[in-house]
Amino acid sequence: MSGDSTDDSDVAQGEETVVRRDRFSGGPAREFLSSLAGDERIFTADLAVDRAHVVMLAEQEIISDEEAGWILDALADVENAGHGDLSGGEDVHEAIESAVIDRIGPDGGKMHTARSRNDEVAACIRYRLRADLLEAIETTLALREALIDAAAEHTDTLMPGYTHLQPAQPITVGHFLMSYASTISRDTARLLDAYDRTNESPLGGAAFAGTPFDIDRERTAALLGFDRVVDNSMDASSARDFLAEATAALAIHATTLSGLAEDIVIFANKGYIDLSDDYSSTSSIMPQKKNPDTLELTRAVAGDATGELTGLLTTLKGLPQAYNRDLQRAHPHTFRAVDAVVEASAVAAGAVSTASWNEKLLADEAGAGFSTATGIADLLAMAGLPFRTAHEVVALAAEEAEDRDTGVSAALLDSATEDVLGESLFKYVDEQAVAAALDPAQSVESRDSQGGPATAAVESTIAGARETLADDSDALADRQAALDEAETTLAKEVDQYV
Ligand code: ARG
């Protein structure tokens with residue numbers, strides 16, 4: 001049985017829609033074959049694709065203006081009735097065509113001239129996904145703005161910085177928040193890239209092997225706001241790498257979110273951060289509990305998105321050219337991923353912008369675990385000691401402090417220097433410099449290299465991030481405007497026939 005023979009047999013007989021494909025899809029596997037319910041997501045997209053195709057067919061004189069008018073009228077009526085009114089057929093494409101034929105008779109079947117459901121569904125999912133991707137991009141921009149705004153309020157709020165979850169070096173809350181703003185700017189860039197490769201028109205590829213009709217592929221692409229045509233008809237109708245790319249970009253963003261969520265959960269546990277009640281839950285039994293559930297769910301969305309990506313790639317792997325029905329189960333992965341990730345990203349933005357940071361506790365903890373040790377070693381290295389020797393001196397002092405259960409002092413450092421070098425610490429540095437290096441606030445301010453935690457460095461990071469954010473918002477607005485313009489043009493063209 002050739003799958004495409006079902007496509008070629010859209011024959012309406014008389015008043016009621018009797019299509020020969022019923023011979024193949026009316027049996028016990030009917031439900032299994034059908035994508036009609038899930039196709040609700042591409043209902044509006046399909047109407048747009050139908051309209052652009054019909055306008056092009058009329059312009060190319062493949063159908064008459066009058067026939068185009070009838071079909072376009074019927075499509076408006078189908079749209080008003082809504083997806084829920086559709087019945088019959090394996091999917092939204094057949095169901096809409098049947099609904100058009102029901103309204104205007106066999107001439108409705110001319111809508112399917114010079115195309116197949118294969119290029120049609122590919123156009124529909126690209127059309128729909130680009131709107132979803134624009135929403136995802138917008139959400140990443142809002143999250144970046146929330147992070148940047150919070151960072152700007154905390155450019156000098158000290159906090160302990162960690163590696164291996166162990167206190168490492170003091171930093172500021174602003175520096176920490178900007179680390180995520182910076183990662184997420186790349187998440188935005190990946191989504192923009194995925195958008196640009198999604199926004200290409202497969203229409204006119206037909207089943208996979210083109211069509212003898214004198215169609216104008218550039219015209220349907222322009223009417224639908226696609227940036228260009230996917231040239232090869234086999235590639236056009238069956239390629240789904242745009243889904244893989246979009247889903248991967250979403251899964252990567254979800255992974256970024258999971259790290260941010262995990263940090264916030266840990267900081268909430270330590271009392272460093274207080275989530276707003278709006279982003280917390282309580283326990284049904286323990287009345288005192290305030291739990292960071294929203295962030296825990298955000299963290300879990302990385303699992304959903306990665307699962308969808310894995311499911312999608314596994315579905316696509318090893319598919320021969322060209323269209324295979326497996327593809328019907330491909331795009332739902334991406335739609336589920338985009339819904340989950342957009343929701344999580346928006347929640348993360350809300351949680352970040354409404355949280356408060358416990359500045360006093362953070363400052364007290366900023367120097368914990370001799371986190372200024374690296375700064376002392378840097379100081380000795382700046383005075384001319386090889387860094388490795390300086391490291392040895394400071395490590396010895398740290399060990400001694402641990403044994404005595406005290407903090408590291410200038411005196412301890414001095415005796416460690418004597419032990420390692422047989423010389424006094426103060427031959428290299430003065431007491432004031434040692435005290436400054438031991439102080440978390442001064443330690444932070446000393447690290448003013450580009451991208452570092454010093455206030456001025458973070459302020460400059462923030463300024464750069466605001467510029468990139470503005471550029472990315474422009475990129476989003478340009479794409480949205482192009483889609484809006486195409487929608488208006490298509491509506492005007494349609495009006496000429498109805
Ligand atoms: N519902 C199908 C899908 O989502 C549409 C294309 C069906 N084409 C075919 N030759 N059976 O992929």
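We count ligands from 1, going down the list as the structure has it; atoms in each ligand are counted the same way.
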**Message:** Strictly distance-based, threshold 3.5 Å: is any side-chain N or O of N232 a donor or acceptor partner for the main-chain N or O of M234?
**Reply:** yes
**Request:** Answer yes or no: are there more than 12 heavy-atom neighbours, outside E487 itself, under 6.0 Å from its atom CD?
**Result:** no
**Message:** Check the orientation of F267 and Y162. Use parallel for under 30°, tilted for 30 to 60°, and perpendicular for over 60°.
**Reply:** tilted
**Prompt:** Looking only at atom types and distance, does a side-chain atom of S345 sit under 3.5 Å from a main-chain N or O of V342, one as donor and one as acceptor?
**Reply:** no
**Prompt:** Is there a donor-acceptor pair closer than 3.5 Å between any side-chain N or O of R41 and the backbone N or O of L129?
**Reply:** no
**Asked** Which of the atoms in ligand 1, numbered in the order shown and given with their element, are less than 4.0 Å from a heavy-atom of S35?
**Response** 1 (N)
**Prompt:** Can you list the atoms of ligand 1 that are under 4.0 Å from a heavy atom of R325?
**Reply:** 11 (N)
**Complete:** So for H331 against ligand 1, with non-hydrogen atoms under 4.0 Å, the contacting part is side chain
**Message:** Under a 4.0 angstrom heavy-atom cut-off, which atoms of ligand 1 come close to D91?
**Reply:** 1 (N), 2 (C), 5 (C)
**Message:** I need the contact type for N118 against ligand 1. Using non-hydrogen atoms and a strict under-4.0 Å cut-off, is it side chain, backbone, both or neither?
**Reply:** side chain
**Prompt:** If you measure every N/O of Y323 against every N/O of ligand 1, is any gap under 3.5 Å?
**Reply:** yes
**ligand 1 to Q328 polar contact by distance, N or O atoms, under 3.5 Å** = yes
**Message:** Once you measure the plane-to-plane angle for F43 and H83, does it fall in the parallel (<30°), tilted (30-60°) or perpendicular (>60°) bin?
**Reply:** perpendicular
